[in-house]
Amino acid sequence: MSSISLRDIRKSYANGPRVLHGVDLDIGDGEFVVIVGPSGCGKSTLLRLIAGLERCEDGEIVIDGRRANELPPQDRNIAMIFQNYALYPHMSVLENIAFGLELRKVPRKTREARAREVAETLQLTPYLDRKPGALSGGQRQRVAMGRAMARDTSTFLMDEPLSNLDNALRNTMRTEIKTIHQQLGATIVFVTHDQTEALSLADRIAVMKDGHLQQFDTPAAIYDRPVNRFVASFLGTPKMNFAPSDAITGWTGRRGVEVGLRPDTLRLHRERPGAASIEARLTLTEMTGSEVVLHCQTQSGVMSAIAHRGQELPAPGDRIWLEYDAAAAHLFDMQSGARV
Amino acid sequence: MTREKSARALWLINGLTLLAAIIFLSPVLYSIWMSFQTSDAYYAGGVDFTLRNYEVAVGQYNFARYLLNSVIVSGIVTLLGLSFATMAAFAFARFEFRGGNLMFGAVVATLMIPSHITLIPNYLTLARAGMLDSYAGLILPAISSGFAAFFLRQYIRGIPRALDEAAYMDGATPSKVLWRVIVPISKPAIFSMGLQLFIAEWNNYIWPLVAISESDLFTLQIGLARLYRVNPGEDVIDWPLVMAASTITILPVLLGFVLVERHLVRGITMGAVK
Ligand SMILES: Nc1ncnc2c1ncn2[C@@H]1O[C@H](COP(=O)(O)OP(=O)(O)O)[C@@H](O)[C@H]1O
Ligand SMILES: [Mg+2]
């Protein structure tokens, strides 16, 4: 069992401004929660509070139903993967992985067997005797994973563990983490600033901004029903298009609001369609693989849309029409940005 | 620089290094050579190889005992001094506590106090405690080195704090973090500090002179100094004997240096983070 509840967590650093302004979060047993938000919004701080690496003086941290504010990190039985890995430079890969078990007085034979087993799943067996200094970035990242996995715990905290990897490795490790989560049934709190990572990994996503929790829900719910303009624009690539309702041609929906249209809901036409549409001029196209992102200039500002490669594509400079579905549009308050 | 030029520069550097080595080593080698001469041959300008000077130094003047005393005192001072300095350094480098800055300031301030100023207070304190003429009297005043604490604290501050944090997450207590993570990583600094403490104590002359009157507790330096006054009536000093005693005094230090030298390598923090 490993559940984590945060109640009205506030945090300021010594002589600094407040970085968390009352965060509430309930993380269930076995849940994969991703905390996402722009750099500096307080994600790491929140994770370090759960870990016990920062003192929590305001608010309450409850782990497995027990108040944990005063519990030092070594007594919380939580494994953590650091963004810069923080491997012990004087220990071999094997010792790095087994150290947590050694500290808990697991006999040498048992802990080394366990470490070897973990190393095997992470394909680290050939490097067991090396020091971290003699490993590549990807290998170090896997040692950091191994160190956490070898531990006898069911709670893992990960602070942007993939951000130092190249793209191919990042995708592999992402799958790896997801697999581990399913196999171990562990509770994972994963911090990232990468919305793609968040959408693909999470059972639930916590979106943060400037020390405030914006929304905490499933990826689908957050994507389909963002609570405000910030969340809507933060998740999904290409970004959601925004325009005031008055600036949208043929708008029949509610007036006086900010309209958000996901690029993948816009349909491309070469001729003016019968349905409501926005006239646009194509400025450039961007291939992403199976799809092409169209960047357009419209009378209500810059917008993007998605076309499939099978389609016959317009050329930059061409006049096009983007058909929208008012029912699929997201509406936000002009001032507060809240969903209406 | 062309290859030829850099090759020539290398020769020049090697040559200068060799020259410097000769200049520094020659008195040492000469005194070792002298210690194996009879004094008659030495003063007559001849060559007559003998081990007698060593026999006299050890047998008649008790140098084996002085050597033992020096090893015990310097060894214990080094071990205790390093332990205290390391723990203090860890505390100052990693923990915020009330009065911490003030205490660290006090530690740094001790660096500015000449050791001669503390001589008499130390003497009076130990006299009152009845510790003069004992190993404790030799050891206690030397085991708190402000410089060692300061030096190691600076070194520890250079170690990424994330390593401590990783160890805490792995279940380590602060003392485990110190002994299993910080100390092994600080090995180069600790060894070089240890070498300094050892040599400083080995060469310490004034304090043993003041604190010890019992000849069984003399250290090498005291024994050595007394050799000059062994035959006050005669106007010649038995230099080969003095050199034999000096050799007994320096050899252990040289040996010790050779043993720890390989630990004084560059730091091993590489590869810890990123
Ligand atoms: N140890 C610290 N002392 C003072 N300010 C800090 C410290 N750590 C982080 N901060 C500040 O707190 C804010 C949140 O930081 P952080 O939690 O690291 O954000 P994130 O992980 O989302 O990028 C930032 O403005 C950062 O500058
Ligand atoms: Mg961060």
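- Shown here is B/I113, whose CD1 atom has more than 12 heavy atoms of other residues, nucleotides or ligands within 6.0 Å.
- Between the side chain of B/Y168 and the backbone N or O of A/G52, no donor-acceptor pair lies under 3.5 Å.
- Surrounding CG of A/D152 are at most 12 heavy atoms belonging to other residues, nucleotides or ligands under 6.0 Å away.
- Within a 6.0 Å radius of CD in A/E60, more than 12 heavy atoms belonging to other residues, nucleotides or ligands are found.
- Residues B/A172 and A/Q74 approach most closely at O-CB, 3.2 Å, considering heavy atoms.
- Counting non-hydrogen atoms of neighbouring residues, nucleotides and ligands closer than 6.0 angstrom, the CE atom of B/M131 reaches no more than 12 such neighbours.
- For B/N101, the CG atom counts as loosely surrounded, since its 6.0 Å shell holds 12 or fewer non-hydrogen atoms of other residues, nucleotides or ligands.
- With A/R151 contributing its side chain and B/M169 its backbone, the two residues share a donor-acceptor pair below 3.5 Å.
- At a threshold of 4.5 Å between non-hydrogen side-chain atoms, the residues B/K187 and A/H90 do not count as touching.
- Applying the ring-ring contact (aromatic ring centres under 6.0 Å, His included) test to pairs two or more places apart or on separate chains, those with a residue in residues 164-185 of chain A are A/F32-A/H181.
- Environment of NZ in A/K178: crowded, with over 12 heavy atoms of neighbouring residues, nucleotides or ligands closer than 6.0 Å.
- B/L163 is listed as a side-chain neighbour of A/P89, based on a closest heavy-atom distance under 4.5 Å.
- Heavy atoms closer than 4.5 Å to chain B are found nowhere in A/Q141, neither backbone nor side chain.
- Of the two parts of B/R180, the backbone and the side chain both hold a non-hydrogen atom closer than 4.5 Å to a non-hydrogen atom of chain A.
- Proximity to chain B is absent for every atom of A/R76, based on heavy atoms less than 4.5 angstrom apart.
- Considering only heavy-atom pairs separated by less than 4.5 Å from chain B, the leading option among A/A148, A/G100, A/P73, A/A144 is A/G100.
- Once rounded to the nearest 0.5 Å, the distance linking CG of B/D170 with CG of A/N77 reads 10.5 Å.
- Scanning both residues, B/A166 and A/R147, for their nearest heavy atoms gives CB-NH2, 3.5 Å.
- Closest non-hydrogen pair, B/A162 versus A/A86, comes out as O-CB, 3.6 Å.
- For B/E96, the CD atom is loosely surrounded, since the number of other residues' heavy atoms within 6.0 Å does not exceed 12.
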